[in-house]
Amino acid sequence: MKFFHTADWHLGKLVQGVYMTEEQRYVLQQFIQAVEEEQPDAVIIAGDLYDRAVPPIEAVHLLDEVLETIVLKLKTPVIAVAGNHDSPSRLNFGSSIMRNNGFHIVGNFTGDMKPVILHDEHGEVHFHLIPYCDPSMVRNVLDDEEIRSHNDATKKIVENISKSMDPNSRHVAVGHAFVTPFGEEEENTSDSERPLSIGGAEYVDAHHYMPFHYTALGHLHQAHHVQNEKVRYSGSILKYSISEEHHKKGFHIVEMDAEGTISLEKRLLKPRRDIRTVESSLEDILTHPINEDYVFVKLLDETPVLSPMEKVKSVYPNAMHVERTNYTLSPSSNQHETINRSKMSDFELFKSFYKEVKGDDATEETETIFKEVLDDLLKEANETNVDTKKKEVLSN
């Protein structure tokens, strides 16, 4: 069986105030062309189809166009799950009707572990759909008070799936989570992706996915495998921040033989405009040929520059950001040190702000209170209208 693994489309994404919809349309046309040429048995979208719970109408239309082409015109089944940026209820709406036409999507986690079953010349391939869900929801649905973290939730879900797995079939997991080799803390591959939780509760042990012949993951924006070649992130389809400048964006073409052994090809997508850094003096920049890439400019000028963005845009009309290296005097020495707050986490920013205002480090009690508040805010951002979703799940 051949299938495409993609994720993190983030339709409706804003980067530095610029909507990426037309850039997304450009690369998705390449994706559709690949579907038409390669004729895969299925397309997997491992979450974050949209960038927000209520996406702009242009993003909704684009997803509708892409799915209509792949599912109805090219007769290729699409298998998808909700990510932390999606609204589970919105994606779940009409899923039973769409399933009959070849679009299989799970938005809400309901505890229903029935797989999507496709066939090839070797028999059945079972696709197990595990949408993003806060551990509290999984704890409620599965009635298990021991579930406190994303790792706990994933472990329990996979255990339940494993109980009814057909040993004579091949199995593919589709999920959206922050998976690391042993569930240990790791840095995100992009600063455009918000954390799922804090305090270590968001990380999932890759070993939980060992029962599957392949695991198609979404959430992290850089394509890579985790612990095992068969547990993989496809990465996002476009660069969504300057932190992704050196990522190679695309999707995976996965082929699975009769025994479930996989072979994989990374297919790159070519953007209409790149996102990259330009580091030079303004005088030098003004000699560059006009270029429409989305650039983040670092000026090397030692003296102040009047209206730098206006001048940069005469050469780079889509410039997104202009800065000069920011130096401040270190209180512990007479040397200058660079401060780059854009690379600090929310918690690190809080500690820095607290010390700057109060003159002392925050106490352990203060840090704990802030972590609790931040975690609640993250849950609210990642799970819009949680109470409503719980009612929907229980009513099902």
Side-chain angles (χ1 to χ4, degrees), residues 6-31 34 45 47-52 55-56 58-59 62-63 66 83-85 187-195 218-224 233-252 266-282 284-300 308-326 338 340-345:
T6 180
D8 296 285
W9 290 6
H10 288 277
L11 301 184
K13 179 74 173 179
L14 270 170
V15 179
Q16 298 290 118
V18 178
Y19 276 108
M20 292 286 104
T21 307
E22 290 308 309
E23 312 302 325
Q24 292 163 334
R25 185 187 304 277
Y26 186 82
V27 295
L28 285 173
Q29 287 173 346
Q30 298 172 43
F31 184 78
I45 311 175
D48 282 353
L49 286 76
Y50 292 122
D51 189 59
R52 65 187 79 169
E58 293 81 5
L62 177 55
L63 182 61
V66 172
N84 60 299
H85 282 255
E187 288 189 9
N188 204 315
T189 59
S190 168
D191 61 22
S192 71
E193 184 52 63
R194 63 178 178 236
H219 181 58
L220 299 183
H221 287 190
Q222 186 170 31
H224 66 286
Y233 285 96
S234 66
S236 58
I237 58 172
L238 277 175
K239 299 176 184 178
Y240 290 128
S241 76
I242 196 61
S243 65
E244 301 177 30
E245 178 178 12
H246 302 297
H247 292 190
K248 302 296 183 183
K249 301 299 185 179
F251 59 95
H252 294 324
K266 173 70 178 291
R267 184 69 60 87
L268 297 180
L269 294 168
K270 184 177 180 180
R272 183 170 64 162
R273 298 184 179 97
D274 197 7
I275 290 182
R276 60 189 177 89
T277 299
V278 173
E279 190 169 358
S280 187
S281 67
L282 182 60
D284 183 53
I285 286 173
L286 294 177
T287 67
H288 294 182
I290 293 177
N291 186 287
E292 295 194 349
D293 284 350
Y294 297 112
V295 297
F296 287 65
V297 177
K298 293 184 178 181
L299 293 177
L300 301 180
M309 178 61 86
E310 181 180 344
K311 293 174 181 176
V312 166
K313 278 184 172 286
S314 68
V315 178
Y316 294 100
N318 295 308
M320 288 185 157
H321 180 73
V322 176
E323 68 177 35
R324 291 176 61 216
T325 305
N326 182 23
T338 301
N340 190 346
R341 289 187 172 89
S342 66
K343 296 187 179 299
M344 296 171 71
S345 68

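Predicted, not measured: the structure shown is a model, and the values here were computed from it.
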- For Arg267, check salt bridge (Lys or Arg N to Asp or Glu O under 4.0 Å) against everything at least two apart and list the hits. Glu38, Glu265
- Note on the structure: salt bridge (Lys or Arg N to Asp or Glu O under 4.0 Å) filter on Asp284, not counting sequence neighbours, yields none
- Tell me, please, which residues at least two apart from Pro308 pass side chain to side chain contact (heavy atoms under 4.5 Å, CB included). Leu299, Val305, Val322
- Message: Any heavy-atom pair between the side chains of Glu193 and Asn84 that's under 4.5 Å?
- Response: yes
- Can you tell me how far CZ of Arg273 sits from CG of Leu238, rounded to the nearest 0.5 angstrom? 11.5 Å
- Message: Distance check, rounded to the nearest 0.5 Å: Ser241 atom OG versus Phe296 atom CZ?
- Response: 7.0 Å
- Item | Neighbour count above 12 (heavy atom, 6.0 Å) for Lys248 NZ | no
- Verdict with reasoning, Val18 to Tyr294, per side chain to side chain contact (heavy atoms under 4.5 Å, CB included): CA-CA 10 Å; Val18 178; Tyr294 297 112; 4.2 Å; yes
- Item | Residues in side chain to side chain donor-acceptor pair (under 3.5 Å) contact with Ser281, at least two apart in sequence or another chain | none
- Task: Say whether, by atom type as modelled, one donor and one acceptor occur between the side chain of Glu279 and the main chain of Leu300 under 3.5 angstrom.
- Result: no
- Note on the structure: Applying ring pair (Phe, Tyr, Trp, His ring centres under 6.0 Å) to Phe251 and not counting sequence neighbours gives Phe4, Phe31
- Message: If we ignore hydrogens and angles and just use 3.5 Å, is the side chain of Lys249 paired with the main-chain N or O of Leu269 as donor and acceptor?
- Response: no
- How would you list, by chain and number, every residue that makes a side chain to side chain donor-acceptor pair (under 3.5 Å) with Arg272, sequence neighbours excluded? Glu23
- Message: Determine whether a donor-acceptor pair (N or O, by modelled atom type, separation under 3.5 Å) exists between the side chain of Asp293 and the backbone of Val295.
- Response: no
- If only atom types and distance count, is the side chain of Lys239 paired as donor or acceptor with the main-chain N or O of Pro271 below 3.5 Å? no
- Task: Calculate, to the nearest 0.5 Å, the distance between atoms CD and CD1 belonging to Gln16 and Ile242 respectively.
- Result: 9.5 Å
- Interatomic distance, Ile237 atom CD1 to Gln24 atom CD [nearest 0.5 angstrom]: 5.5 Å
- Message: Let me confirm one number: the NE2-OG1 distance from His246 to Thr277, rounded to the nearest 0.5 Å.
- Response: 6.5 Å
With a 3.5 Å cut-off and sequence neighbours excluded, list the donor-acceptor pairs that the side chains of residues 311-320 form with protein atoms.
| from | atom 1 | to | atom 2 | distance (Å) |
| --- | --- | --- | --- | --- |
| Lys311 | NZ | Leu306 | O | 3.1 |
| Lys313 | NZ | Pro317 | O | 3.1 |
| Lys313 | NZ | Ala319 | O | 3.3 |
| Ser314 | OG | Lys311 | O | 2.5 |
| Tyr316 | OH | His288 | ND1 | 2.8 |
| Asn318 | ND2 | Glu292 | O | 2.8 |

- Side chain of Asp8, backbone of His219: donor and acceptor closer than 3.5 Å? yes
- Message: Among residues at least two apart in sequence or on other chains, which ones pass side chain to side chain donor-acceptor pair (under 3.5 Å) with Ser234?
- Response: none
- Query: Residues two or more places apart in sequence or in another chain: which of them pass salt bridge (Lys or Arg N to Asp or Glu O under 4.0 Å) with Asp51?
  - Reply: Lys13
- Query: Does the side chain of Thr189 come within less than 4.5 Å of Tyr233's, by heavy atoms?
  - Reply: no
- Note on the structure: Contacts of Glu58 meeting salt bridge (Lys or Arg N to Asp or Glu O under 4.0 Å) (sequence neighbours excluded), chain-then-number -> none
- Task: Taking side chain to side chain donor-acceptor pair (under 3.5 Å) as the test, write out the residues that go with Ser192, two or more places apart.
- Result: Ser190, His221, Glu244
- Can you name the residues that form a ring pair (Phe, Tyr, Trp, His ring centres under 6.0 Å) with His321, not counting sequence neighbours? none
- Query: How far does CD1 of Ile275 sit from NE2 of His247, to the nearest 0.5 angstrom?
  - Reply: 11.5 Å
